[in-house]
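Keep in mind that this is a model prediction, so the values were computed, not measured. One is the number of the first residue; the rest follow in order along the sequence.
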Amino acid sequence: MPLFVIVGLNYLVQIPYNLHLYHGKFNFLGVILLIITLVWFISSIWLLKSKHRLGFWLLLAFLSVEFIFYFGNEVVLLFFGYGLIYHLLHTKDFIVWTAFLVGDINFFISGYYIYYLLTKRDLFVFSSKRSKGR
């Protein structure tokens, strides 16, 4: 599943990014937020694979939050000289550029999967009425 791979890569890239920029001085609140969102993502995927209705809604909520976060980071910041174009052209620092690229890809992937989940909702939301043939 490309979604699992790219979101997982996004979490993994935070380690070298932090070590490179902040020399390993981790922000405790940031680490807690990353752990909470990682558990949120993994549990939503697990529940969705288990055909549990809650998995659909948890994943949709996770992707929506991720999309809104990256929309601010990629689109809104364009008006201030940063954003997607800055991220793609910021090639002087390979680690930072890689972290930016993974984030950019997450922005587009989350938008795609929001669309996919909403248009293919019947594949993921299992109601008791449909399972009984009503």
Side-chain angles (χ1 to χ4, degrees):
M1 175 184 256
L3 177 64
F4 190 78
V5 172
I6 194 63
V7 172
L9 186 60
N10 195 24
Y11 282 96
L12 286 176
V13 79
Q14 300 307 313
I15 297 168
Y17 179 78
N18 181 279
L19 291 172
H20 178 67
L21 284 184
Y22 307 111
H23 309 291
K25 296 178 183 171
F26 292 98
N27 177 324
F28 183 72
L29 180 59
V31 171
I32 295 299
L33 286 172
L34 281 174
I35 291 170
I36 289 170
T37 57
L38 181 60
V39 168
W40 179 6
F41 175 69
I42 291 172
S43 62
S44 68
I45 292 290
W46 181 73
L47 287 168
L48 190 66
K49 290 281 187 186
S50 301
K51 300 183 188 258
H52 195 288
R53 179 186 301 187
L54 184 60
F56 172 84
W57 295 109
L58 283 175
L59 184 58
L60 186 61
F62 174 86
L63 292 170
S64 298
V65 168
E66 184 176 55
F67 184 83
I68 291 167
F69 170 79
Y70 281 113
F71 182 83
N73 199 18
E74 308 296 337
V75 178
V76 174
L77 288 180
L78 283 171
F79 299 104
F80 302 100
Y82 296 101
L84 182 60
I85 295 169
Y86 174 80
H87 292 168
L88 294 176
L89 298 177
H90 188 83
T91 58
K92 294 177 185 174
D93 190 329
F94 181 73
I95 294 174
V96 172
W97 182 82
T98 302
F100 284 167
L101 180 63
V102 171
D104 297 342
I105 294 169
N106 265 270
F107 172 57
F108 292 108
I109 289 284
S110 63
Y112 170 77
Y113 274 97
I114 289 169
Y115 171 79
Y116 181 77
L117 286 173
L118 292 175
T119 58
K120 306 289 185 186
R121 181 175 175 217
D122 290 342
L123 297 174
F124 302 105
V125 178
F126 309 97
S127 72
S128 57
K129 288 181 183 176
R130 264 187 277 164
S131 64
K132 291 181 182 177
R134 292 184 196 171

CG of L89 to CH2 of W97, rounded to nearest 0.5 Å, is 10.5 Å
Rounded to the nearest 0.5 angstrom, the CG-CZ distance for L59 and F124 is 8.5 Å
Anything under 3.5 Å between a donor and an acceptor, one on a side chain of residues 21-29, the other on a protein residue two or more places apart or in another chain? List them.
residue: N27; atom: OD1; partner: L29; partner atom: N; Å: 2.9
residue: N27; atom: OD1; partner: G30; partner atom: N; Å: 3.1

Close side-chain approach of L9 and I105, heavy atoms under 4.5 Å: no
May I ask you to test the Y113-F62 pair for a side-chain heavy-atom distance under 4.5 Å? no
Please check if [X] and [Y] belong to a single hydrophobic cluster, counting links between Ile, Leu, Val, Met, Phe, Trp and Tyr side chain heavy atoms closer than 4.5 Å.
X	Y	value
I6	L88	yes
L19	V13	no
Y116	W57	yes
V7	F4	yes
V102	I95	no

Does [X] have any side-chain contact (heavy atoms from CB on, under 4.5 Å) partners at least two apart in sequence or in another chain, and if so, which?
X	value
K92	none
L78	I85
L12	none

Hydrophobic side-chain clustering at under 4.5 Å (ILVMFWY, transitive links): who's grouped with Y115? Put none if nobody. none
List the residues meeting ring pair (Phe, Tyr, Trp, His ring centres under 6.0 Å) with H90, not counting sequence neighbours, and say none if there are none. Y86, F100
Side-chain donor-acceptor pairs under 3.5 Å in residues 36-47, sequence neighbours left out?
residue: T37; atom: OG1; partner: Y11; partner atom: OH; Å: 2.7
residue: T37; atom: OG1; partner: L33; partner atom: O; Å: 3.0
residue: T37; atom: OG1; partner: L34; partner atom: O; Å: 3.1
residue: W40; atom: NE1; partner: L58; partner atom: O; Å: 3.2
residue: S43; atom: OG; partner: V39; partner atom: O; Å: 2.8
residue: S43; atom: OG; partner: W40; partner atom: O; Å: 3.0
residue: S44; atom: OG; partner: W40; partner atom: O; Å: 3.3
residue: S44; atom: OG; partner: F41; partner atom: O; Å: 2.7

Enumerate, atom names and distances included, each donor-acceptor pair closer than 3.5 Å involving a side-chain atom of residues 65-75, sequence neighbours excluded.
residue: Y70; atom: OH; partner: N10; partner atom: OD1; Å: 3.4
residue: Y70; atom: OH; partner: N10; partner atom: ND2; Å: 2.9
residue: E74; atom: OE1; partner: H87; partner atom: ND1; Å: 3.2

Shortest non-hydrogen separation from F56 to L117 and the atoms involved: CE1-O, 3.4 Å
